[in-house]
Amino acid sequence: MAYASAFRRVLSGSSTPSPIFRSQFAWIRHNSTLPTLTSPKLFISGISKNTTDESLFNAFAPYGRLLDAKVIMDRMSGKPKGFGFITYETVEEAEKAREEMNAKYLDGWVIFVDPARPREPPPPPRQPPQQDLHLNPKPTESLFAPNRTLGWSG
DNA sequence: GTTGAGCGTT
């Protein structure tokens, strides 16, 4: 996502969002993953270090009923990682929130709303290429079977 | 204590 850092560099100093940039963000929507969401979970990236769970919640609250809003902090260092997750009640609300809040301002930073990846991939849509190792081939009975009829006994 | 790519503690 090169556009993310590009817009951040342009907009990091300005505090007032200019309407000019809204037209600039149009192509992002066009370029973004427009197909319907499959999960009410959203991955919010590019959030400010001032953004907390509460301000994230308040920012996305008008677009649906939020079940959860978390700003991910590094548990080792305690510093915010700069992204978070929100969970709506339905995918329609998440869809609306993405349309309304993608590439918008939150605490002076342009945030990006994307569908969150499942933390536990439950259904693999394709089975992994399992190589079929025939470690136990059928026993070759007669290959090494001694021919008793030709014994030394004469 | 560098200025930002990314998918979370259970």
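So that the names make sense, note that chain A is the first sequence line, chain B the second, and so on, each numbered from 1. All values below come from the heavy atoms of this structure, side chains included, with hydrogens, waters and symmetry mates left out.
Residue A:I44 contributes atom CD1, which lies 15 Å from atom P of B:dC7 at whole-angstrom precision. Protein atom NZ of A:K41 is 21 Å distant from nucleotide atom P of B:dG6, rounded to whole Å. Look at CZ on A:R117: it is 5 Å from P on B:dC7, rounded to the nearest Å. Rounded to an integer number of Å, the gap from A:I47 CD1 to B:dG4 P is 16 Å. What separates CZ of A:F57 from P of B:dG8 is a distance of 22 Å, to the nearest Å.
The side-chain hydrogen bond (donor to acceptor under 3.5 Å, both in side chains) check on A:S48 picks up nothing, with sequence neighbours excluded. Contacts of A:S39 classified as side chain to side chain contact (heavy atoms under 4.5 Å, CB included), with partners at least two apart in sequence or in another chain: A:K41.
Taking a centre distance below 5.5 Å and an interplanar angle below 30 degrees as the stacking criterion, A:F85 stacks against the six-membered base ring of B:dG8.
For the pair A:F60 and A:Y88, the minimum side-chain heavy-atom distance is below 4.5 Å.
Contacts between residues 60-83 of chain A and DNA chain B, counted as heavy-atom distances below 4.0 Å, involve A:K70, A:I72, A:M73, A:R75, A:K81, A:G82, A:F83.
A salt bridge is defined here as a Lys NZ or Arg NE, NH1 or NH2 lying under 4.0 Å from an Asp or Glu carboxylate O, and A:K96 with A:E99 fails to meet this definition.
Among residue pairs with one or both ends in residues 74-85 of chain A, none qualify as salt bridge (Lys or Arg N to Asp or Glu O under 4.0 Å); sequence neighbours excluded.
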Check residues 63-73 of chain A and write down every donor-acceptor pair under 3.5 Å in which the side-chain atom is one partner and the other belongs to a residue at least two apart or another chain.
residue: A:R65; atom: NE; partner: A:E89; partner atom: OE1; Å: 3.4
residue: A:R65; atom: NH1; partner: A:E89; partner atom: OE1; Å: 3.4
residue: A:R65; atom: NH2; partner: A:E89; partner atom: OE1; Å: 2.9

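Toward the 5' end of DNA chain B, the nearer of the two residues A:A116 and A:K49, judged by each one's closest nucleotide, is A:K49.
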